[in-house]
A.B. asks: 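Before anything else, here's the structure in question.
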Amino acid sequence: MNKYSTLKGVCDIVPPDDKLWDFIEEISKEVFSIYGFKNIRIPVIEYTELFKRGIGEGTDIVEKEMYTFSDRSGRSITLRPEGTASVVRSYIENNLSDLPSPQKFFYLGPMFRYERPQKGRYRQFYQIGAEVFGSSNPSTDAEIFSMLNMFLDKVGLTNTQLQINSIGCPICRPNYISSLIEFFSKHSDNLCTDCQNRLQKNPLRLLDCKNEGCGIIKKDAPLITQSLCGECVNHHNQLKHLLDLQGISFIENPLIVRGLDYYTKTAFEITADHIGAQNTVIAGGRYDNLVHEFGGAKTPAIGFAIGLERLALLLKDKEMIDKKVPLIYFAILGDKALDKALLMAKKYRKEGLWVEIGNPSDSLKSQMKKADKFNAESVIIIGENEINSGIAIKKRMNDGVQEEVNIN
RNA sequence: GUGAGCAUAGCUCAAUUGGUCAGAGCACUGGAUUGUGGAUCCAGGGGUUGAGGGUUCAAGUCCCUUUGUUCACCCCA
């Protein structure tokens, strides 16, 4: 039993998984920069108020999932549960609207939510997110999907499904919600207890209940598609047209709802099988009013976040190509040999070679074994004889061929 | 916050109905091969069976508590 362990729902990412994570991060940076996204590094902690206002007071995230504490001056601080609120804050605070429009940013790092962990869900989890400010045009939405397609392709993830929906705007959504409430209220007695609550708290959630009984009722529920205002309909139709044009396949899913309050119009999820109940790998949407609500100029925006644990879970079996840096292993006998090896190691490392030096108090045999375990390209053996003669043996490990090298 | 399963060596797992049950494989270390790896053989280290309490002549095995973990619900990436 270890005395210390990680907190619940928090884990270390250790080799060999580091390689996969590096790979994912590299691909994202490569692809995102092609689309003009600049990296933005936002803090892990913010004033609690930021998330309350951004994500929404009534949401589960704010109500029961935030890591919130008082700092030494008594201010309420929160470990970020998501990235968008911070990026919007930064956008306004740093006057990033001065950059040529549209402004595109991506970020990468850990998020924190106090939830019960399960497959694909952790209390500290990593996201790569991206946000675009200053364009309300559906072409921007389409570019996002184009970029994500490229990302998924390069990262090697197939069999994903893009599902899109429009959840309207402050003009048309209230109408929809009231028609939804009206409809479900009529069937209130037949709804599961969760849905009874949803009816009060979060009517949009009624649509994605997994309960069978509710499913039957749900079939006849009004769809948001029928309630959208002209502007939202146009936006949505143009987006679909642009997706078709680019050959990006998608499914229209009028049941997609986003959990955070700030979303408008386009909402989407990219899902994959085989990662458990949490099958959403990427999710996001448009939020045309958030910048203004945060005190900035009226600025339309759209963004998304990729769940890295979920992505890594899907790519777990992918073979990572080892970047081969050849290893020179020094098997040394005695302290004089150590001195010599250290000097030679410095030279080799300057040339970009990987060097490991054996423990001079270990037997030659065990040092050879170690070299083998490290998969050394070659071993240089230095002992008394070599020090005296100035010539050492260099053994190539794959075929055992030995040659002499000058060590002076 | 709710529900269910699991918890034995570094890892993967054994241990008939509570009765030599604390084991195996892999890994690790050493030896066979006095200064030369991978194969083989041999040997060794390592566990108060997650923790605490209880029942019993006897608990890894049954009961309670607790912690962790897995999966699902809520919700979400």
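Remember, it's a predicted structure, so these values are computed and weren't measured experimentally. Chain letters run A, B, ... following the sequence lines, proteins first and then strands; every chain starts at 1.
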A.B. asks: Taking only N/O atoms, report every protein-nucleotides 3-6 of chain B pair under 3.5 Å with atom names and distance.
C.D. replies:
| unit_1 | atom_1 | unit_2 | atom_2 | d |
| --- | --- | --- | --- | --- |
| rG3(B) | O6 | R116(A) | NH2 | 3.1 |

A.B. asks: What distance, rounded to whole Å, do you find between the two P atoms, one in rG45(B) and one in rG25(B)?
C.D. replies: 15 Å
A.B. asks: Output all residues satisfying salt bridge (charged side-chain N to carboxylate O under 4.0 Å, His left out) with E65(A), sequence neighbours left out; order by chain, then residue number.
C.D. replies: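 Expected list: none.
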A.B. asks: CD1 of I61(A) versus C1' of rA77(B): gap in Å, rounded?
C.D. replies: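 These atoms are roughly 9 Å apart.
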A.B. asks: When you measure from every atom of RNA chain B, which of residues 264-279 of chain A have a heavy atom less than 4.0 Å away?
C.D. replies: G276(A), A277(A), Q278(A)
A.B. asks: Pick from I144(A), D141(A), I167(A): which one makes a side-chain contact (heavy atoms from CB on, under 4.5 Å) with T266(A)?
C.D. replies: D141(A)
A.B. asks: Please list, one pair per line, the donor and acceptor atoms closer than 3.5 Å that link side chains of residues 306-315 of chain A to other protein atoms, with sequence neighbours excluded.
C.D. replies:
| unit_1 | atom_1 | unit_2 | atom_2 | d |
| --- | --- | --- | --- | --- |
| E309(A) | OE1 | Y126(A) | N | 3.1 |
| E309(A) | OE2 | Y126(A) | N | 3.1 |
| R310(A) | NE | G120(A) | O | 2.7 |
| R310(A) | NH1 | T280(A) | O | 2.9 |
| R310(A) | NH2 | G120(A) | O | 3.1 |

A.B. asks: When you compare rU70(B) with rA27(B), how far apart are their C1' atoms, in angstrom units rounded to a whole number?
C.D. replies: 25 Å
A.B. asks: In residues 379-397 of chain A, what donor-acceptor pairs under 3.5 Å come from side-chain atoms, sequence neighbours left out?
C.D. replies:
| unit_1 | atom_1 | unit_2 | atom_2 | d |
| --- | --- | --- | --- | --- |
| E386(A) | OE1 | G383(A) | N | 2.9 |
| N388(A) | ND2 | E384(A) | O | 3.4 |
| S389(A) | OG | N385(A) | O | 3.1 |
| S389(A) | OG | I391(A) | N | 3.2 |
| S389(A) | OG | I391(A) | O | 3.4 |
| R396(A) | NE | D399(A) | OD1 | 3.3 |
| R396(A) | NE | D399(A) | OD2 | 3.4 |
| R396(A) | NH2 | D399(A) | OD2 | 2.7 |

A.B. asks: Could you grab the distance from atom CG of L79(A) to atom CD1 of I45(A), nearest 0.5 Å is fine?
C.D. replies: 7.5 Å
A.B. asks: NA contact type, G120(A), heavy-atom cut-off 4.0 Å: base, sugar-phosphate, or nothing?
C.D. replies: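 Base contact - G120(A) has a heavy atom under 4.0 Å of at least one base atom.
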A.B. asks: For rA72(B), does either OP1 or OP2 sit under 4.0 Å from a side-chain N or O belonging to Q118(A)?
C.D. replies: yes
A.B. asks: Between rU2(B) and rA15(B), how far apart are the two C1' atoms, rounded to whole Å?
C.D. replies: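 After rounding to an integer number of Å, I get 36 Å for this pair.
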A.B. asks: Which letter, B, S or -, goes with each nucleotide of nucleotides 33-43 of chain B from 5' to 3', with contact meaning a protein heavy atom under 4.0 Å?
C.D. replies: B-BBBB-----
A.B. asks: Considering only atom C1', compute the distance from rA9(B) to rC21(B) and round it to an integer number of Å.
C.D. replies: 15 Å
A.B. asks: Roughly how far apart, to the nearest Å, are rC6(B) and rA43(B) at atom C1'?
C.D. replies: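 Per the computed distance, 36 Å lies between those C1' atoms.
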A.B. asks: Show your working on salt bridge (charged side-chain N to carboxylate O under 4.0 Å, His left out) between K298(A) and D288(A) and close with a plain yes or no.
C.D. replies: CA-CA 8 Å; K298(A) 282 192 176 173; D288(A) 287 343; over 6 Å; no
A.B. asks: Which value, rounded to the nearest 0.5 Å, describes the distance between D244(A) atom CG and S249(A) atom OG?
C.D. replies: 9.5 Å
A.B. asks: Is the count of non-hydrogen atoms from other residues, nucleotides or ligands lying under 6.0 Å from N159(A) atom CG greater than 12?
C.D. replies: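 No - once you tally the heavy atoms of other residues, nucleotides and ligands closer than 6.0 Å, there are 12 at most.
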A.B. asks: When we call it a touch if two heavy atoms are under 4.0 Å apart, what does A283(A) touch: a base, just sugar-phosphate, or nothing?
C.D. replies: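 Contact class for A283(A): sugar-phosphate only.
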A.B. asks: Contacts to RNA chain B from residues 32-54 of chain A, heavy-atom cutoff under 4.0 Å, which residues?
C.D. replies: none
A.B. asks: Could you tell me whether Y114(A) contacts a base, only the sugar-phosphate backbone, or nothing, with contacts defined as non-hydrogen atoms closer than 4.0 Å?
C.D. replies: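 Contact class for Y114(A): none.
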A.B. asks: Is it the case that rC75(B) (base atoms only) and R113(A) (side chain only) share a donor and an acceptor within less than 3.5 Å, ignoring hydrogens and angles?
C.D. replies: no
A.B. asks: Going by side-chain contact (heavy atoms from CB on, under 4.5 Å), name the residues that satisfy it together with N175(A), two or more places apart in sequence or in a different chain.
C.D. replies: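 So N175(A) forms no side-chain contact (heavy atoms from CB on, under 4.5 Å) with any residue.
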A.B. asks: Taking only residues two or more places apart in sequence, or in another chain, which ones meet Y262(A) in a ring-ring contact (aromatic ring centres under 6.0 Å, His included)?
C.D. replies: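 Per chain and number, Y262(A) pairs via ring-ring contact (aromatic ring centres under 6.0 Å, His included) with Y287(A).
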A.B. asks: Using a 4.0 Å heavy-atom cut-off, does R198(A) contact any base of the nucleic acid, only the sugar-phosphate backbone, or nothing at all?
C.D. replies: sugar-phosphate
A.B. asks: Only pairs under 3.5 Å count here: list side-chain donor-acceptor contacts from residues 179-189 of chain A, not counting sequence neighbours, and write none if there are none.
C.D. replies:
| unit_1 | atom_1 | unit_2 | atom_2 | d |
| --- | --- | --- | --- | --- |
| S179(A) | OG | Y176(A) | O | 2.7 |
| S185(A) | OG | I181(A) | O | 2.6 |
| H187(A) | ND1 | F183(A) | O | 3.2 |

A.B. asks: For a quick check of understanding: with a heavy-atom distance under 4.0 Å over all strands, which category does S366(A) fall into, base, sugar-phosphate or nothing?
C.D. replies: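 If one applies the 4.0 Å heavy-atom cut-off, S366(A) turns out to touch the sugar-phosphate alone, with no base involved.
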A.B. asks: Suppose you measure atom P in rC71(B) against the same atom in rG53(B); what distance do you get, rounded to whole Å?
C.D. replies: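 rC71(B) and rG53(B) have their P atoms separated by 32 Å.
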A.B. asks: Contact class for V281(A) vs. all strands (heavy atom < 4.0 Å): base, sugar-phosphate, or nothing?
C.D. replies: sugar-phosphate
A.B. asks: Taking only the C1' atom of each, what is the distance from rA58(B) to rU67(B) in whole angstrom?
C.D. replies: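 About 28 Å, rounded to a whole number of Å.
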A.B. asks: Answer with yes or no whether the side chains of E131(A) and T84(A) bring together a donor and an acceptor at under 3.5 Å.
C.D. replies: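 Short answer, yes.
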A.B. asks: With a non-hydrogen cut-off below 4.0 angstrom, is G83(A) in contact with a base, only sugar-phosphate, or nothing?
C.D. replies: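 The answer is nothing, as G83(A) stays clear of every strand by at least 4.0 Å.
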A.B. asks: Could you pull out all residues at least two apart from Y67(A) that satisfy ring-ring contact (aromatic ring centres under 6.0 Å, His included)?
C.D. replies: Y114(A)
A.B. asks: May I have the step-by-step check of ring-ring contact (aromatic ring centres under 6.0 Å, His included) for F32(A) and F106(A), ending in yes or no?
C.D. replies: CA-CA 8 Å; F32(A) 292 5; F106(A) 74 94; 5.6 Å; yes
A.B. asks: I need the CD1-P distance between I55(A) and rC75(B), as an integer number of Å.
C.D. replies: 16 Å
A.B. asks: For RNA chain B, please output the secondary structure as dot-bracket, reading 5' to 3'. Pairs are Watson-Crick or G-U wobble, both atom distances under 3.5 Å; mark crossing pairs with [ ], other-strand partners with |, unpaired with a dot.
C.D. replies: (((((((..((((.....[...)))).(((((.......))))).....(((((..]....))))))))))))....
A.B. asks: So how far is it from H235(A) NE2 to C229(A) SG, rounded to the nearest 0.5 Å?
C.D. replies: 11.0 Å
A.B. asks: I need the CD-P distance between E115(A) and rA72(B), as an integer number of Å.
C.D. replies: 13 Å
A.B. asks: How about F250(A) and F145(A): are their ring centroids closer than 6.0 Å?
C.D. replies: no
A.B. asks: To the nearest 0.5 Å, tell me how far I24(A) CD1 sits from K29(A) NZ.
C.D. replies: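 With rounding to 0.5 Å, CD1 (I24(A)) is 12.5 Å from NZ (K29(A)).
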